Amino acid sequence: MMPGKELRKETALVRARVGTAGADPLVTPIFQTAAFRSGDPFFYTRSDNPNFREVEELFAFLDGGAGAVLFASGMAAVDAVLGLLKPGDRMAAHPLIYGCSYRLIVDHCARLGIRLDFADLSKTKALHSALHADTKIVFFETPTNPFLKSIDIRRLAEAVKVKSPRALVVADNTWATPLFQTPLALGADIALYSCSKFFSGHSDLILGAATAKDKAVLEMLRKRRFYSGAVPDPFAAWLLRRSLQTLEVRLRRQVENTRRILSFLKRHPAVREVFFPRVDGTQLKAYGGMLFLRLDGDPDGRKADALADALRLFDRGTALACVSSAVAIPYTGSHLSMTEAEKAGIGLDKSLVRLSIGLEAAEDLIADLKRALKARGRNRKP
Ligand code: PLP
């Protein structure tokens with residue numbers, strides 16, 4: 001609607017707007033707006049926005065829960081879950097989780113006087129001794145980060161129901177994605193995501209999400225987002241929606257590339273161990289994109305560091321689950337927020353290498369690894 005001729009230019013500059021009532025775009029446009037007209041159900045972007053809602057409805061479809069909430073980052077989603085705890089509550093967690101989640105959980109619990117029970121939740125005895133009547137949250141990642149160990153979600157959720165009936169089972173499903181693993185269908189109450197990883201796939205946005213089995217839990221998370229303001233930017237949500245269109249195709253290629261690289265690494269004499277999750281076909285349908293390795297005779301991680309430097313087709317840095325391959329040393333990267341003692345407690349040292357496998361030709365990635373494993377530091381990047 002263009003303003004009438006009687007208006008002054010300065011008013012027209014402020015008020016001019018095109019009518020969109022007849023427009024029918026094939027792609028949802030970016031609703032880069034803070035507010036909506038009075039009476040519009042979206043109300044205010046801190047509350048809701050069509051770009052968030054489109055992704056949330058898709059996530060709810062993929063995970064099969066009551067719904068999803070999109071957050072400004074994966075950490076904001078973790079923080080919103082921790083916000084469900086009250087002083088005096090109790091929480092159980094597996095210590096093999098992303099370093100920043102570990103730090104946030106430990107510090108949050110210490111500040112609020114929440115008793116935190118760290119345990120290897122994949123082991124029946126440890127799981128049972130970590131669960132108490134007043135436990136309110138059970139938090140884990142599966143496959144774990146680092147080491148890609150598997151936690152049986154159904155078995156864990158059944159034990160929680162018996163021993164800690166008031167607890168919410170929270171699974172960070174970032175690395176498996178809902179295409180390969182659906183925690184809510186296996187008994188979890190909340191599935192968490194860093195959308196900055198496989199969902200984005202291009203290392204160009206930071207977003208997070210939570211899906212919840214029950215409406216009441218979903219509403220608590222939504223309310224927390226509204227009042228904390230940990231809300232996404234509409235453009236980032238739009239970029240995420242676009243990336244999700246290729247998620248399945250990207251993952252398929254990453255799984256195949258990873259399979260080939262895994263078989264190369266397992267046979268290489270310089271590689272001492274390779275970490276990859278158990279794909280049982282029931283809980284975890286497939287897996288790819290991420291693996292960890294240790295080199296032979298590398299107690300201080302010098303060889304790991306040299307390998308990371310020598311690779312040319314793997315960017316060294318925090319990029320992860322992206323179309324382009326990357327290499328990182330978790331000790332000084334993803335788990336930097338943990339103290340040396342905490343890292344030692346989970347068996348993490350400088351010798352662990354993380355590879356993120358992208359969409360390049362597997363042959364080229366293998367040739368790069370072969371050369372770098374031979375060079376181990378002599379062929380530095382230009
Ligand atoms: N959860 C997992 C498993 C992650 O790997 C990460 C980040 O690496 C996060 C949560 C945090 O997500 P974000 O970086 O989007 O805040």
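All heavy atoms count here, side chains included; hydrogens, waters and symmetry mates do not. The structure presented is a predicted model; accordingly, all values stated were derived computationally and were not measured. Atoms within a ligand are numbered from 1 in the order they appear, just like the ligands themselves.
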Exercise for the section: Using heavy-atom distances, let me know which of L205, D172, I206 sits nearest atom 1 (N) of ligand 1. Expected result: D172
Exercise for the section: Cation-pi check, K343 to Y331: give yes when NZ or CZ is under 6.0 Å from the six-membered ring centre and within 45° of the ring axis, no otherwise. Expected result: yes
Fill in the blank from the handout: the protein heavy atom lying closest to atom 5 (O) of ligand 1 turns out to be W175 NE1, 3.3 Å
Fill in the blank from the handout: The protein heavy atom nearest to atom 7 (C) of ligand 1 is K197 NZ, 2.9 Å
Handout entry: Given R302, K303, R316, the one that forms salt bridge (charged side-chain N to carboxylate O under 4.0 Å, His left out) with D309
Key = R316
Completion exercise
of all protein heavy atoms, closest to atom 15 (O) of ligand 1 is S196 OG, 2.6 Å
Problem - Interatomic spacing from OG in S164 to CG in D134 - rounded to 0.5 Å - result: 8.0 Å
Problem - Over 12 non-hydrogen atoms of neighbours within 6.0 angstrom of NZ in K285 - result: yes
Problem - L207 to ligand 1, any heavy atom closer than 4.0 Å - result: yes
Exercise for the section: Report the part of T318 in contact with ligand 1, treating N, CA, C, O as backbone and CB onward as side chain, heavy atoms under 4.0 Å; options are side chain, backbone, both, neither. Expected result: neither
Completion exercise
Distance col, row I261:CD1 vs E256:CD, nearest 0.5 angstrom, shows 10.0 Å
Problem - atom 6 (C) of ligand 1: nearest protein contact (heavy atom, Å) - result: Y98 CD2, 3.4 Å
